[in-house]
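Note that ligands are numbered from 1 as they come in the structure, with each ligand's atoms numbered from 1 the same way.
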Amino acid sequence: MQSRDRLIVAVDLSTREEILGLVDELQGAVGVFKLGLQAFIANGPSIVRDVVGRGEKVFLDLKLHDIPNTAKHAVAEAAKLGASMLTVHAAGGEAMLRACAESAGDLLVLGVTILTSLDEPALAAIGFSGTPADNAVRLAVLARESGLGGVIASPHEIAAIRAACGDDFAIVTPGIRPEGSDVGDQRRTMTPKEAIAAGASYIVVGRPITGAKDRREAAMSMKT
Ligand code: C5P
């Protein structure tokens, strides 16, 4: 995979005009466009068709979490829309994950392990014992055993998940900041190079690209 193919840009924008403007500006400079709940709820599924129609790959970050039958049909609809990647919560359990894997077709279904916004006390309050990292590895193994193609992981969990899940498993990592850039609200960051060296398959970068004066140049300089 080329450096550019590993780069996922987080399109955390609301209007169709802004979203498609960013896509047009970054065509050829990034591998995948990540559309999350903000873009999807504001514009509906047609925004996915519009980006796919431009020949680009879409990562639909909807973090599904439901009973197996409902999740399975939602995954099938995302595949029909033409998305390349989709997130589901690994805490949905083995039956849900297996149902999602069955209906995925060519879609890469990624498990969200532990949200980085949850620290150990917050996890304990929802009934999870142990550290966020321990839980992330446990849920990544569950995701792999249930047939998912990969997980989302914070930069500092990459190495442990890679060791537990092997090479044939996608690890997608947000919390990436190029050297010298503003960390913003991300707490524990890595540079693109560090994340790939630790074993990430893809990196997710948002504001360091979307907030740059020259967004194309910012994407092109994101070397892994
Ligand atoms: O702008 P920034 O580079 O921080 O964007 C990172 C993207 O990755 C955002 O879309 C954010 O929601 C997502 N993300 C994250 N940390 C997680 C899970 C998702 O930053 N643990």
Q) Rounded to the nearest 0.5 Å, what separation is found between the CD1 atom of I209 and the CD1 atom of I176? A) 11.0 Å
(Q) Within the 4.0 Å heavy-atom shell around G206, which atoms of ligand 1 are there? (A) 1 (O), 2 (P), 3 (O), 5 (O)
Q.
Please list the nearest protein heavy atom to atom 19 (C) of ligand 1 with its residue and the distance rounded to 0.1 Å.
A. P174 CG, 3.9 Å
**Q.** Protein contact to atom 12 (O) of ligand 1 [nearest heavy atom, distance to 0.1 Å]
**A.** K34 NZ, 4.3 Å
Q.
Whether E25 and R216 form a salt bridge (side-chain N of Lys/Arg under 4.0 Å from carboxylate O of Asp/Glu) is what I want to check.
A. no
(Q) For residues 137-148, which residue pairs pass the side chain to side chain donor-acceptor pair (under 3.5 Å) check, not counting sequence neighbours? (A) N135-R138
Q.
Please determine whether side chain to side chain contact (heavy atoms under 4.5 Å, CB included) holds for the pair I8 and V205, giving the CA-CA distance in whole Å, both sets of side-chain angles, and the decisive distance to 0.1 Å.
A. CA-CA 6 Å; I8 299 174; V205 184; over 6 Å; no
Q: Give every residue pair that meets the side chain to side chain donor-acceptor pair (under 3.5 Å) criterion with at least one member in residues 98-111, sequence neighbours excluded.
A: E94-R98
Q | Which residue and heavy atom of the protein sit nearest atom 20 (O) of ligand 1, plus the separation | A | Q186 NE2, 2.7 Å
(Q) Taking 4.0 angstrom as the limit and counting only heavy atoms of R207, give me the atoms of ligand 1 inside it, by number and element. (A) 1 (O), 2 (P), 3 (O), 4 (O)
Q: Can you measure from CD1 (I41) to OG (S14) and round to the nearest 0.5 angstrom?
A: 10.0 Å
Q: Would you check whether D12 reaches within less than 4.0 Å of ligand 1, judged by its heavy atoms?
A: yes
Q | Enumerated ligand 1 atoms positioned under 4.0 Å from heavy atoms of A10 | A | 7 (C), 10 (O)
Q: List every atom of ligand 1 that sits less than 4.0 Å from any heavy atom of R177, numbering the atoms from 1 in the order shown and giving each element.
A: 1 (O), 2 (P), 3 (O), 4 (O)
Q. For T116 and ligand 1, does the shortest N/O to N/O distance drop below 3.5 Å?
A. yes
Q.
If you apply the rule side chain to side chain contact (heavy atoms under 4.5 Å, CB included), what do you find for L110 with V151, and how did you get there?
A. CA-CA 5 Å; L110 300 163; V151 287; 5.9 Å; no
